[in-house]
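Just so it is clear, the structure is predicted and the values come from calculations on it, not from any experiment. Values below: all heavy atoms of this structure, side chains included; hydrogens, waters and symmetry mates excluded. Chain A is the first sequence line, chain B the second, and so forth, proteins listed ahead of strands; every chain is numbered from 1.
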Amino acid sequence: MSYHFNEIEAKWQKYWADNQTFKAENDSGKPKYYVLDMFPYPSGAGLHVGHPLGYIASDIYARYKRHKGFNVLHPQGYDSFGLPAEQYAIQTGQHPAITTEQNIKTYRRQLDQLGFSFDWSREVRTSDPKYYKWTQWVFIQLFNSWYNRDADKAEAISNLITLFEKEGNATVNASADEDVPHFTAEDWKSFSDSKKQEILLKYRLTFLSETEVNWCPALGTVLANDEIVNGVSERGGHPVIRKKMKQWSMRISAYAQRLLDGLETIDWPEPLKEIQRNWIGRSEGAMVSFEVDGHDAKIDVFTTRPDTIFGASFMTLAPEHELVSKITTPEQREAVEAYVEATAKRSERDRMADVKTISGVFTGGYALHPFSGEKIQIWIGDYVLASYGTGAVMAVPCGDERDYAFAKHFDIPIPNIFEGVDISEEAFMDKEKTIIANSDFLNGLSYKKAMKTIIYEIEKRGLGYGKVNYRLRDAVFSRQRYWGEPFPVYYEGGMPQMIDSKYLPLVLPEVEKYLPTEDGRPPLGNAEVWAWDTVSNSVVENSKIDHETVFPLELNTMPGWAGSSQYFNRYMDAHNNEEIFSQEAINYWKDVDLYIGGVEHATGHLLYSRFWQKFMFDKGLVPKDEYARKLINQGMIQGTSAFVYRLNGQNKLISKGLVNGHDVQPIHADVSFVNASNELDIESFKVWRPEFKDAEFMLEDGKYIVGREVEKMSKSKYNVVNPDNICKQYGADSLRLYEMFLGPLEQSKPWNTAGITGVHSFLKKLWKLYHESNTFRVSDDEPTKDNLKTLHKTIKKVEEDIENFSFNTSVSSFMIAVNELTAQKCTSRAILEPLLILISPYAPHISEELWSKLGHDESITYARFPAFDASQLVESTKNYPISFNGKMRFTIELPLDFTKDQIEEAVMAHEKTLAQLQGRTPKKVIVVPGKIVNIVG
RNA sequence: GCAGGAAUGGCGAAAUCGGUAAACGCACUCGACUUAGAAUCGAGAAACUGGGAGUUCGACCCUCCCUUCCUGUACCA
């Protein structure tokens with residue numbers, strides 16, 4: 001009987017589904033273990049071989065943990081809101097829900113055929129109203145919360161109201177908008193309701209704010225920075241302007257420090273942590289106020305180098321800075337206005353990309369140096385960004401590269417405040433070597449001492465205060481899209497109101513067109529039934545809007561990361577319609593033990609979800625403030641593109657070996673026409689590219705050899721490999737083994753289908769080990785010493801490998817074990833049974849089949865992982881490498897229990913040693929028992 | 001520019017502690033079986049770890065310098 005992998009795999013996939021083999025219970029005597037994958041966006045293209053890499057790894061780990069006696073939660077779902085389905089809808093009019101449903105079917109079929117041990121009973125889809133009900137619910141919780149910096153946690157907004165009623169906002173230490181006015185308890189009570197709402201909005205963790213966005217009037221939508229090229233839209237080339245729009249934002253900045261600190265408590269890859277640290281961008285320094293000469297105005301700046309304040313010889317404001325028009329003198333007005341207008345036309349990204357050009361305009365206004373009282377010029381320049389810090393800098397040209405270049409360019413004085421440093425050519429920025437000079441009370445101080453002194457002085461004189469600044473900005477949460485979660489929000493007198501949680505979900509309305517409306521409102525503006533009736537608590541026709549009891553609903557939808565910010569908790573209790581999850585479920589599963597996914601989500605999903613978790617923790621909804629203890633980033637699988645070479649200007653394709661020196665143009669060939677020896681199937685190639693039907697092929701040794709190059713796997717490079725074909729030809733077990741065998745999980749590595757025959761023939765050998773001339777044969781013979789040695793060395797290696805996520809080396813060990821056992825002609829059940837359990841996480845189908853042939857009625861899934869017995873590996877002798885001056889020359893076999901002296905004696909007396917020494921006397925003999933002998937001299 | 005990571009045969013890679021470099025597999029060569037191909041079985045060749053210096057009895061591994069590549073990020077004040 002030969003190895004019919006297609007039948008075997010289909011059989012066991014059905015068995016697992018029918019028997020719900022992988023269904024996890026929320027309660028068990030076993031210890032829990034939660035293995036999570038980043039759920040996929042179901043794209044229309046389906047999976048290529050690169051996608052399942054992480055899923056295979058997590059599946060191996062999940063299956064291993066089941067063998068080890070854990071109650072394993074290993075769920076899967078779909079991040080099914082998103083742009084591609086919407087764009088398809090715009091083009092074809094097909095509802096994104098239909099597209100999404102079809103794509104999910106394809107994904108499910110492809111995932112199933114790989115034999116993953118997912119508990120599909122817990123599947124979630126972010127676009128399912130039953131699921132996004134809870135996304136909306138979390139949004140409402142955020143709306144009803146504020147961040148108390150004193151308690152360092154989120155609290156109910158009702159607490160804040162109580163505080164306001166008692167003592168106004170003077171004592172409230174909150175993360176809030178910058179422009180909150182000061183008020184007393186009396187003031188508060190005298191405020192109108194809408195005034196109160198307006199103020200509270202400045203404190204809520206999700207809030208409406210005027211955000212500057214890239215608005216494209218022609219397309220009627222907001223564009224992301226990377227959708228703009230040279231100031232016009234990438235799509236269509238329409239002009240884009242910077243415009244303020246009311247948008248929902250998330251006050252993630254309130255959590256900046258906790259997001260930073262939390263990184264120290266979790267086992268995530270260091271590079272990923274570093275990306276998050278940079279993104280959060282903590283910097284310490286001071287806020288300092290500069291008076292404006294002749295105006296009742298102050299310019300606040302944030303600086304990380306307040307120690308260099310005496311070197312400040314001018315100030316630069318962002319062109320958008322609110323004081324610009326106020327302080328500009330009549331003589332300078334024309335130039336300033338022209339500059340401001342020119343800047344407004346460029347996107348922030350454009351401005352940042354263009355770092356070489358120095359530009360700016362003098363406003364004519366002067367600031368007063370807070371310490372020296374000297375007048376210093378105020379300039380505007382687009383190197384200062386409105387969105388970072390205060391949008392203004394104190395320029396210290398001697399200590400900052402950009403200020404230096406600016407000062408040189410516009411001939412502004414560059415006073416030197418560093419002792420013994422020449423600044424005639426460039427700015428001096430080495431903090432370690434800094435000794436301050438020409439700076440009054442700071443003279444002679446080092447960077448550290450000067451920092452302390454100056455901050456103390458700034459605070460004492462009321463000029464400002466020491467401050468920690470974060471680069472992390474509040475996250476804009478509104479999208480002008482159709483295919484996303486609707487906000488559970490309606491507007492009463494312009495103020496947002498939350499729909500009561502008990503009427504959720506607020507289901508996405510039907511629309512005729514998925515584009516923005518002609519007057520520039522988001523796609524939901526096309527909906528005719530999109531108003532909230534506060535009496536019936538239901539969605540009603542827009543025509544009923546009377547602003548008395550029926551109000552318009554929010555037209556924006558939530559961004560892609562909304563649905564992925566809490567899905568890992570929802571899996572714990574996926575079908576609960578009463579709560580987001582029960583306390584029993586969350587307290588049982590607690591958190592994710594192992595999370596596997598791509599590093600590309602470092603500053604998106606992986607940061608936002610940590611923020612939501614911390615908020616949920618503050619609200620007492622979850623027991624852990626970090627949701628994933630350990631995270632692994634799997635590497636990318638790249639494609640191995642194939643090239644044919646066309647002689648320039650001729651219809652002639654020459655084989656790679658003949659290219660040398662010729663002027664050729666490489667052309668991608670589809671990798672499916674190339675065999676393991678890089679030989680091109682010319683006939684298939686001609687059918688595929690008819691323009692080469694009559695081309696002349698110049699061969700070497702009768703073959704056309706293609707060139708190879710590693711590139712990103714993508715359709716346009718014709719190097720995409722579909723797992724469906726691999727499964728058909730070699731089986732899922734081969735694919736799983738091969739993806740692991742390719743190299744370390746975290747590393748990027750190229751795919752090359754040719755190599756799969758190696759693991760495939762391993763599976764055939766494994767099958768043969770249990771068969772003799774086509775019949776299943778396993779004996780009850782006592783295993784030999786060698787059998788046991790092979791088995792136990794494999795147990796040890798595989799167990800260590802899995803624990804270290806070194807799956808590639810396990811596959812090697814399996815090959816070695818099967819090669820050895822075949823050579824030993826082992827048929828012993830005592831060996832062949834545990835061997836299957838070792839292999840089963842990697843190649844579950846063949847393992848199940850052989851396991852059942854061994855006479856087991858139940859799945860191998862819960863069979864106990866074999867115990868390693870060290871005594872089986874004890875050796876009595878060691879083949880000692882004998883080195884001369886560090887170079888190994890030969891080996892001598894000696895008993896392991898020899899002492900150092902015995903070893904030295906035996907080695908020195910050995911004929912090979914004498915021959916090597918040729919009568920010389922060595923200076924020294926190094927003996928490391930159990931390792932090596934090195935003879936020096 | 002800054003930060004993080006990497007460099008080992010023709011290719012993917014392996015090497016708990018500094019101790020026999022290249023396990024395992026692909027490709028390659030030869031042989032067996034076969035009408036032939038595929039498959040299978042057997043045998044084999046290959047290369048001293050990007051370059052340079054240092055520490056050491058001994059360095060892929062530790063230290064310093066340099067080169068190249070990948071990833072992230074940037075007028076961040």
Side-chain angles (χ1 to χ4, degrees), chain A residues 2 269-275 277-279 281 283 285 301-305 308 315-316 318 348-349 351-358 381-385 387-396 399-403 405-406 469-471 599-600 602-603 633 635-636 638 640 675-678 708 710 737-738 741-744 746-762 764-765 768 800 804 806 808-816 819 879-891 922-928 930-937:
Chain A
S2 55
E270 198 48 45
L272 171 54
K273 288 187 183 181
E274 201 57 31
I275 293 172
R277 282 189 202 109
N278 290 340
W279 191 259
S283 54
V301 300
F302 174 75
T303 173
T304 54
R305 294 296 301 274
T308 64
M315 301 190 80
T316 315
E348 202 162 287
R349 168 176 278 237
R351 276 166 64 181
M352 291 193 285
D354 179 23
V355 297
K356 282 148 273 157
T357 339
I358 296 163
D382 68 3
Y383 78 95
V384 178
L385 304 176
S387 53
Y388 184 77
T390 60
V393 299
M394 68 172 205
V396 182
D400 182 282
E401 239 176 355
R402 295 151 304 171
D403 296 344
F406 197 87
N469 207 38
Y470 298 92
R471 201 185 79 108
V599 70
E600 65 272 18
T603 56
N633 295 126
M636 270 228 298
Q638 295 141 313
T640 308
N675 74 7
S677 314
N678 293 333
R708 291 286 200 165
V710 173
L737 278 174
Y738 188 51
F741 187 64
L742 235 34
E746 290 97 330
Q747 227 171 69
S748 285
K749 54 229 157 200
W751 176 270
N752 191 347
T753 305
I756 200 171
T757 53
V759 293
H760 186 64
S761 58
F762 156 72
K764 287 195 278 196
K765 282 185 209 165
K768 266 198 197 157
E800 281 169 2
N804 294 320
S806 174
N808 52 328
T809 47
S810 302
V811 180
S812 304
S813 316
F814 294 144
M815 292 174 171
I816 294 168
N819 288 344
N879 209 13
Y880 277 94
I882 312 302
S883 303
F884 290 81
N885 296 320
K887 292 244 185 302
M888 203 279 286
R889 296 298 178 194
F890 51 85
T891 60
K923 279 197 200 117
K924 210 177 184 184
V925 179
I926 312 277
V927 177
V928 186
K931 292 271 187 208
I932 198 170
V933 177
N934 191 15
I935 298 166
V936 187

Under the rule of Watson-Crick or G-U wobble with both distances under 3.5 Å, where | means paired to another strand and [ ] a crossing pair, RNA chain B maps to (((((((..(((......[....))).(((((.......))))).....(((((..]....))))))))))))....

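Residue R277(A) places none of its side-chain N or O atoms closer than 4.0 Å to OP1 or OP2 of rG4(B).
Picking from rU40(B), rU20(B), rA77(B) the nucleotide with the shortest atom distance to the side chain of P881(A) gives rU20(B). The side chain of I816(A) sits closest to rA23(B) out of rA23(B), rA39(B), rU20(B). Here rU16(B) is the nucleotide among rU16(B), rA21(B), rA77(B) with the atom lying nearest to any side-chain atom of E800(A). Nearest nucleotide to the side chain of N819(A), out of rA77(B), rG25(B), rA74(B): rG25(B). Residue E274(A) has its side chain nearest to rA3(B) when only rG25(B), rA3(B), rA77(B) are considered. With rA15(B), rC76(B), rA13(B) as the choices, the nucleotide that has an atom nearest any side-chain atom of T809(A) turns out to be rA15(B).
Residues satisfying the salt bridge (Lys or Arg N to Asp or Glu O under 4.0 Å) test with R471(A), not counting sequence neighbours, are none. By the salt bridge (Lys or Arg N to Asp or Glu O under 4.0 Å) test, E746(A) is found to be paired with no residue, residues two or more places apart in sequence or in another chain being considered. Every side-chain contact (heavy atoms from CB on, under 4.5 Å) that Q747(A) has, sequence neighbours left out, goes to P744(A). For F814(A), the ring-ring contact (aromatic ring centres under 6.0 Å, His included) test picks out Y842(A), with sequence neighbours left out. With sequence neighbours left out, the side-chain contact (heavy atoms from CB on, under 4.5 Å) criterion links S283(A) to F302(A), T304(A), Y388(A), N469(A). Remark: K924(A) engages I926(A), V936(A) in a side-chain contact (heavy atoms from CB on, under 4.5 Å) (not counting sequence neighbours). By the side-chain contact (heavy atoms from CB on, under 4.5 Å) test, V393(A) is found to be paired with T316(A), Y383(A), V384(A), residues two or more places apart in sequence or in another chain being considered. Judged as a salt bridge (Lys or Arg N to Asp or Glu O under 4.0 Å), and not counting sequence neighbours, the contacts of R305(A) are D307(A). E600(A) pairs by the salt bridge (Lys or Arg N to Asp or Glu O under 4.0 Å) definition with nothing, not counting sequence neighbours.
Glycosidic conformation of rC17(B) is syn; the angle stays within 90° of 0. Applying the 90° cutoff around 0 to the glycosidic angle, rG9(B) is assigned syn.
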Close N/O contacts between protein and nucleotides 56-61 of chain B (under 3.5 Å):
{"from": "rC57(B)", "atom 1": "O2'", "to": "N934(A)", "atom 2": "ND2", "distance (Å)": "3.1"}
{"from": "rC57(B)", "atom 1": "O2", "to": "N934(A)", "atom 2": "ND2", "distance (Å)": "2.7"}

Do any N or O atoms of the protein come closer than 3.5 Å to N or O atoms of nucleotides 5-12 of chain B, and which pairs are they?
{"from": "rG12(B)", "atom 1": "O2'", "to": "L742(A)", "atom 2": "O", "distance (Å)": "2.4"}

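Checking each of N934(A), T891(A), I932(A), I935(A) against I882(A) for a side-chain contact (heavy atoms from CB on, under 4.5 Å) leaves exactly one that passes, namely I935(A).
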